[in-house]
Amino acid sequence: MTATAALELGDIRRMPYGVARIAAAEAVTRRIEAEGPREVLAEALLDLVEAYTYAGEGAKSFVVFARALRLWDDSPELFDGQDEHNLFWEFKWVASDLPHYPQITAEQGAAFLDDMERRYRLVGHGLSAVRMSRFRWDWHTGSPDAEDTRLAWIARSRDEFDDCRACTIGQQVLFFTETGRHEEAVALGSTQDDSCNLEPTITHHAVALSALLTGDPELALDQHRRALASLDTTNRELAPSRGQGFELLARGGHLDRALRVLRNDDVALLDQAPTPLKRLHFLVGVLSGLSANLDHGDTVTGLREPERGTVTALHAWVHAQADELAAQFDARNGNRYYADLIARALTATRADRPLDLDGGTPATTPAAPQDADPATVAEPGVGVSGEERYARAEVLAARQDHRGARPEYLAAAEQFEDHGLLGRAGLALAEAAQCAAEAGDDDAAHDTFGAAVPRLVAGGVPEEVTAAVLAAWAPLAVRMDEIGDVLSSLAELLVKVEQPLDTSDLAEDLAQRRRAEHARTAATVRDTLARTLAGAQAWQIPAELGAVNPADEAVRAGEEFARLGLVADAAHAFWLAGRVQRAAGVTDAAIWALESAFEGFTASGRNDARAEAAGELIELLRASGQPDRADQITAQLTR
């Protein structure tokens, strides 16, 4: 029985953080508490604390961690060496979350930290984690002692319970940036040379903003690009950094791009973040960026809610939300720390030297095939052929030198077109577009994809190639709020690939293979169309596609993938359908689609996607009054 429980806990630890992992950890922990074996109870409780902490449910970890401490006090023999280490390691996770909730009083926070120090001393562990936790409490509660406790932390020797080097640097850089010590933030941030699940993203975001505000837009741009390269947009723990990213772009002269990132990647953080304090920090960053652009108050934000529809309206809404949160924290802290952060945000201005987001990369792309005079994109070089340029670009791209590869692809495309090789030109442009996307230059990537597709069509490349390029372009076009050309191209291609394929002159085995390839292309195009429509706002969809239901198209694509034996692709399509139907309140259909996705990911061994789809299904089943079915899904997660 002990071995079985240990295997279940191991399965849970391999799941991505989120609803499904929490549900599985809760279920297994409840069973172990009720039925045993007690030998793994400490492990189960500490695993549940981890599941809560890294899924943005830190408040729920307080009670579970208290149970683990009681178990340690009552039955220390149940903790092996690893359990003991995890208990004291997770102590600092809980301590770090304390100041993030205004309902945790100053007295409770002080008592927790004192108890933490007592327990560390009692078992003979070093106190670095305790000193770090005291610094974070003082910092986030606006205590005038924060600098003293920071120095007390870093001046002492490190021990096994200290944060990693990357976080030790990153937390201080973030503290310096938040408190206006921008030169110190840049200096310390330049020493960042390590990584973890949060770093170096936090450091790069903070240094980028500090560099901009100290008049060094070149360094700010470099750090911004490094931040994007290391960013996991699914990690909501980075909410404060995402707020800094908005502030950087908006104060750096790129309000439109800041709004685009907000509505495509971070809009959920306006209403909910992993903790109330992380939400407040995000709102303060957005407020600063908007305050610096109130002279563009009529600019449309692209957000759906009327109260957030323009820069002026969004500014007023964010200000009110931030004020409400700040009042709660300042009341707990007995000061005006967060009110002062908001006051500073309200006086933010645009930087004297804006960010040059297009600097260092060619901004032009060849004109569409029907235009007579394609734009010059790069010096071809005497005696250098398009194939040589393309080969050179391939080498650079393989080295991840996307900025170096892009002009070579563009030059190759121009030479191919000069020789009438439109299909080859389109392929080179598609590769150049992908390089721009990898380098974070969405505008150039979007324009270059737009130049590539008509050339691919005119050059007669196989339809599956055009379908693949459209699948790469579509999510970018959705981000750019410019989906018209993508939708038109998808609709035209779908008409073509839905036509029966004539294989009468082919041997049967080859004919079957060609029909399967053709069906896969049709399913891919349909799936891409569904994803594009699902990601678009209603006003962006042309009238001729207004009646097309993205969920229906996704289900049909899933069924087509399933007939071809492409189980993982089918699961992804059903997952999309379930999400669209859930958002539309079509509960029964959403449950069917999410169950189909869950089964498909299970069969194809896509465990991370399986857990995420399961989490959404569990939430929906619980919300629709079907807890028993939700428990059945949970029970399958550790099998």
Side-chain angles (χ1 to χ4, degrees), residues 142 173-186 189 202 204-221 223-224 227 238-263 265-267 269-270 273 277-301 303 307-308 310-327 329-330 336-357:
V173 171
L174 194 56
F175 169 65
F176 290 152
T177 298
E178 183 177 306
T179 53
R181 297 162 62 177
H182 299 298
E183 292 83 0
E184 292 172 89
V186 170
I202 288 175
H204 289 322
H205 272 296
V207 172
L209 181 58
S210 284
L212 179 73
L213 298 181
T214 55
D216 190 346
E218 291 80 16
L219 177 60
L221 180 58
Q223 290 292 303
H224 172 64
L238 297 170
S241 295
R242 301 301 289 164
Q244 289 177 334
F246 182 94
E247 181 177 356
L248 175 85
L249 291 172
R251 298 183 69 175
H254 297 276
L255 175 63
D256 286 344
R257 187 167 302 194
L259 291 171
R260 183 194 310 154
V261 173
L262 176 64
R263 62 178 171 261
D265 296 335
D266 300 327
V267 66
L269 295 174
L270 288 171
L277 187 56
K278 287 182 184 293
R279 180 178 178 233
L280 176 56
H281 280 133
F282 176 77
L283 291 172
V284 169
V286 174
L287 185 64
S288 294
L290 295 172
S291 296
N293 288 276
L294 287 178
D295 54 334
H296 298 288
D298 292 335
T299 297
V300 175
T301 64
L303 300 178
E307 66 271 20
R308 309 179 195 180
T310 66
V311 166
T312 296
L314 180 61
H315 181 272
W317 184 88
V318 170
H319 186 190
Q321 295 288 310
D323 272 349
E324 181 179 344
L325 280 170
F329 282 103
D330 286 347
R336 285 183 44 85
Y337 181 77
Y338 290 104
D340 289 344
L341 283 186
I342 291 173
R344 191 173 74 193
L346 292 172
T347 63
T349 59
R350 289 196 292 274
D352 293 334
R353 297 177 60 203
L355 296 171
D356 181 11
L357 293 180

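Just so it is clear, the structure is predicted and the values come from calculations on it, not from any experiment. Each residue takes its place number in the sequence, starting with 1.
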Any donor-acceptor pair under 3.5 Å linking the side chain of [X] with the backbone of [Y]?
X      : Y      : answer
Asn293 : Ala250 : yes
Asp216 : Ala211 : no
Arg251 : Ala351 : no
Arg279 : Ala273 : no

Might you point out which heavy atoms bring [X] and [Y] nearest each other, and give the distance in Å?
X      : Y      : answer
Leu248 : Ala220 : CD1-CB, 4.2 Å
Ser288 : Ala345 : OG-CB, 3.1 Å
Ala206 : Val173 : CB-CG1, 3.7 Å
Ser210 : His182 : OG-ND1, 2.9 Å
Pro217 : Pro354 : CB-O, 3.7 Å
Ala239 : Lys278 : CB-O, 4.1 Å

I'd like to check [X] versus [Y] (side-chain heavy atoms, cut-off strictly below 4.5 Å). Are they in contact?
X      : Y      : answer
Leu346 : His319 : yes
Asp256 : Thr299 : yes
Leu174 : Gln244 : yes
Glu247 : Val286 : no
Leu249 : His224 : yes
Gln321 : Leu270 : no
Leu212 : Leu355 : yes
Leu314 : Leu262 : yes

Hey, is CG on Asp295 packed in by over 12 heavy atoms from elsewhere, all under 6.0 Å?
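It does: Asp295 CG has more than 12 such atoms within range.
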Spacing of [atom1] belonging to [X] relative to [atom2] belonging to [Y], to within rounding of 0.5 Å:
X      : Y      : atom1 : atom2 : value
Thr177 : Ile202 : OG1   : CD1   : 11.5 Å
Glu183 : Leu213 : CD    : CG    : 10.0 Å
Trp317 : Arg308 : CH2   : CZ    : 3.5 Å
Leu283 : Glu324 : CG    : CD    : 10.5 Å
Leu341 : Arg336 : CG    : CZ    : 10.5 Å
Leu269 : Arg242 : CG    : CZ    : 8.0 Å

Where does the angle between the aromatic ring planes of Tyr338 and Phe329 fall among parallel (under 30°), tilted (30 to 60°) and perpendicular (over 60°)?
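Tilted.
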The test is side chain to side chain contact (heavy atoms under 4.5 Å, CB included); show your working for Tyr337 and Thr179 and say whether it passes.
CA-CA 10 Å; Tyr337 181 77; Thr179 53; 3.8 Å; yes
Please test Leu290 against Phe246 for side chain to side chain contact (heavy atoms under 4.5 Å, CB included), starting from the C-alpha separation and ending with a verdict.
CA-CA 9 Å; Leu290 295 172; Phe246 182 94; 3.9 Å; yes
